[in-house]
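Working notes, beginning with the structure itself.
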Amino acid sequence: MPVYNTHERHLNASPGEVGALLDTLASDDDRLWPHGSWPALFLDGPLAVGAAGGHGPVRYTVEEYVPGHRLRLRFGAPRGFDGFHEFTVRPDPRGGTVLAHLLAMRAHGPALASWPLVFGPLHDALLEDLLDRAEIAVAGSVRTPARWSLWVRLLRALLGRGARTPAPSRTTPESRPSSEGRPAAADR
């Protein structure tokens, strides 16, 4: 089964500002990944071609990296995920910058069920949280915060990530809407 999944956000910032966020992924100063709300993103070394890591049960290797512009990660797990996901930073012709994420893979075997039922919904929620963090980092707030679906909250509760904890205010990089039961900044 082919899977082509995209997420993007227009940000009122320069490509350099947004690219600098991308370059912090998996570092001690990671300003993009929604830590605390989701399994930590890790790499076995600095962000560079050949670095291996993942988050939760997902594993990948950095296949391409153009600092400030593009990061492509090739899947190694879970079983049945054959493909990649990547982040790109591109100027928007209307002004500002677009931060985009593309997941392109061929799902087979166990992924025929696990992608649409579990990984896909969780992936979509994680990516929207990540884009919220990017928007907060460059604009100080989120115009339209992402909301977790009931299915995502249920999956998180079943998988032990919790579905009901207070949310912080919307003025910090850890901001989340209070009605969505996301972990508070103190819990991260």
Side-chain angles (χ1 to χ4, degrees), residues 1-11 15 18-19 21-26 30-35 37-43 47 49 51-66 69-92 96-137 142-156 158-159 161 163 176-177 180 182:
M1 166 178 74
V3 176
Y4 185 82
N5 178 286
T6 62
H7 292 262
E8 62 181 39
R9 181 84 49 99
H10 175 271
L11 300 168
V18 177
L21 289 175
L22 177 63
D23 293 341
T24 69
L25 267 175
D30 189 333
R31 295 180 293 143
L32 196 54
W33 191 261
H35 350 84
S37 296
W38 297 98
L41 171 67
F42 68 92
L43 292 173
L47 187 55
V49 172
H55 61 280
V58 180
R59 295 293 176 265
Y60 35 74
T61 301
V62 176
E63 184 173 78
E64 296 177 36
Y65 178 49
V66 179
H69 298 284
R70 184 166 178 240
L71 172 63
R72 179 177 282 192
L73 303 134
R74 175 74 48 190
F75 287 113
R79 212 163 50 99
F81 280 42
D82 289 334
F84 65 88
H85 66 110
E86 72 180 9
F87 292 94
T88 56
V89 175
R90 67 180 189 270
D92 189 323
T97 302
V98 175
L99 175 59
H101 181 272
L102 165 66
L103 180 145
M105 70 176 187
R106 184 171 101 28
H108 59 89
L112 291 172
S114 66
W115 171 259
L117 295 175
V118 178
F119 287 103
L122 292 172
H123 166 82
D124 289 345
L126 185 154
L127 259 295
E128 290 302 316
D129 285 355
L130 180 143
L131 294 171
D132 280 359
R133 279 184 56 92
E135 189 173 348
I136 289 167
V142 178
R143 203 173 354 185
T144 308
R147 296 184 169 270
W148 291 345
S149 69
L150 178 59
W151 183 243
V152 166
R153 292 192 308 260
L154 177 62
L155 285 172
R156 289 174 54 83
L158 291 172
L159 297 172
R161 291 296 297 171
R176 298 289 180 258
E180 293 307 310
R182 298 176 188 211

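This structure is a prediction, so every number in the text was calculated from the model and none was measured. Atom set for the values below is all heavy atoms of this structure, side chains included, hydrogens, waters and symmetry mates excluded.
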Exercise. Counting heavy atoms not belonging to His7, are there more than 12 under 6.0 Å from its NE2?
Worked result: yes

Exercise. For the atom pair CZ (Arg90) and CG (Asp92), what is the distance rounded to the nearest 0.5 Å?
Worked result: 7.5 Å

Seminar exercise, completed: Scanning both residues in full, the closest heavy-atom pair of Ala52 with Thr61 reads CB-OG1, 4.1 Å

Exercise. Looking only at atom types and distance, does a side-chain atom of Arg59 sit under 3.5 Å from a main-chain N or O of Gly56, one as donor and one as acceptor?
Worked result: yes

Exercise. So how far is it from Leu43 CG to Leu25 CG, rounded to the nearest 0.5 Å?
Worked result: 8.0 Å

For this session: Measure across Leu32 and Asp30 and return the closest heavy-atom pair with its distance rounded to 0.1 Å.
Result: N-OD1, 2.9 Å

Seminar exercise, completed: side chain to side chain contact (heavy atoms under 4.5 Å, CB included) filter on Ser114, not counting sequence neighbours, yields Phe81, Ala111, Phe119

Problem set entry | Pair Phe87-Leu127, side-chain contact (heavy atoms from CB on, under 4.5 Å): steps then yes or no | CA-CA 11 Å; Phe87 292 94; Leu127 259 295; 4.1 Å; yes

For this session: Using a strict cut-off of less than 4.0 Å between a Lys/Arg side-chain nitrogen and an Asp/Glu carboxylate oxygen, indicate whether Arg147 and Glu128 qualify as a salt bridge.
Result: no

Exercise. Under the salt bridge (charged side-chain N to carboxylate O under 4.0 Å, His left out) test, which residues partner Arg74, sequence neighbours left out?
Worked result: Glu63

Exercise. Hey, what do you get for CG (Leu155) to CG (Leu150), rounding to the nearest 0.5 Å?
Worked result: 9.5 Å

Exercise. Is the side chain of Trp148 donor-acceptor paired with the backbone N or O of Leu154 at a distance under 3.5 Å, no angle test?
Worked result: no

Exercise. Heavy-atom distance under 4.5 Å between the side chains of Trp33 and Thr24, does that happen here?
Worked result: no

Problem set entry | Heavy-atom closest contact (Thr97 atom, Pro15 atom, distance) | OG1-N, 2.9 Å

Problem set entry | Heavy-atom donor-acceptor pair, Arg70 side chain to Thr88 backbone, under 3.5 Å | no

Exercise. Side chains of Leu159 and Leu122: closer than 4.5 Å at any heavy-atom pair?
Worked result: yes

Problem set entry | Heavy-atom pair of closest approach, residues Ala107 and Leu112 | O-CD2, 3.4 Å

Problem set entry | Considering all heavy atoms, the nearest Leu99-Ala134 contact | CD2-CB, 3.8 Å

Exercise. Do Glu64 and Phe84 have side-chain heavy atoms sitting under 4.5 Å apart?
Worked result: no

Problem set entry | Note, Leu73 side chain near Val62 side chain (heavy atom, < 4.5 Å) | yes

Exercise. Has the side chain of Arg9 got a donor or acceptor atom that lies under 3.5 Å from a matching backbone atom of Leu130?
Worked result: no

For this session: Would you confirm whether Glu135, through its side chain, and Arg143, through its main-chain N or O, come within 3.5 Å as a donor-acceptor pair?
Result: yes

Problem set entry | Considering all heavy atoms, the nearest Ala146-Asp132 contact | N-OD2, 2.9 Å

Exercise. Below 6.0 angstrom between ring centroids: does that apply to Tyr60 and His55?
Worked result: yes

Problem set entry | Counterpart residues, side-chain hydrogen bond (donor to acceptor under 3.5 Å, both in side chains), relative to His85 (two or more places apart) | His101

Exercise. Do Tyr65 and Asp23 come within less than 4.5 Å of each other through their side chains, counting heavy atoms only?
Worked result: yes

Problem set entry | Side-chain (Trp151) to main-chain (Leu117) donor-acceptor, under 3.5 angstrom | yes

Exercise. Is a side-chain donor or acceptor of Asn5 paired with a backbone partner of Leu103 at a separation under 3.5 angstrom?
Worked result: no

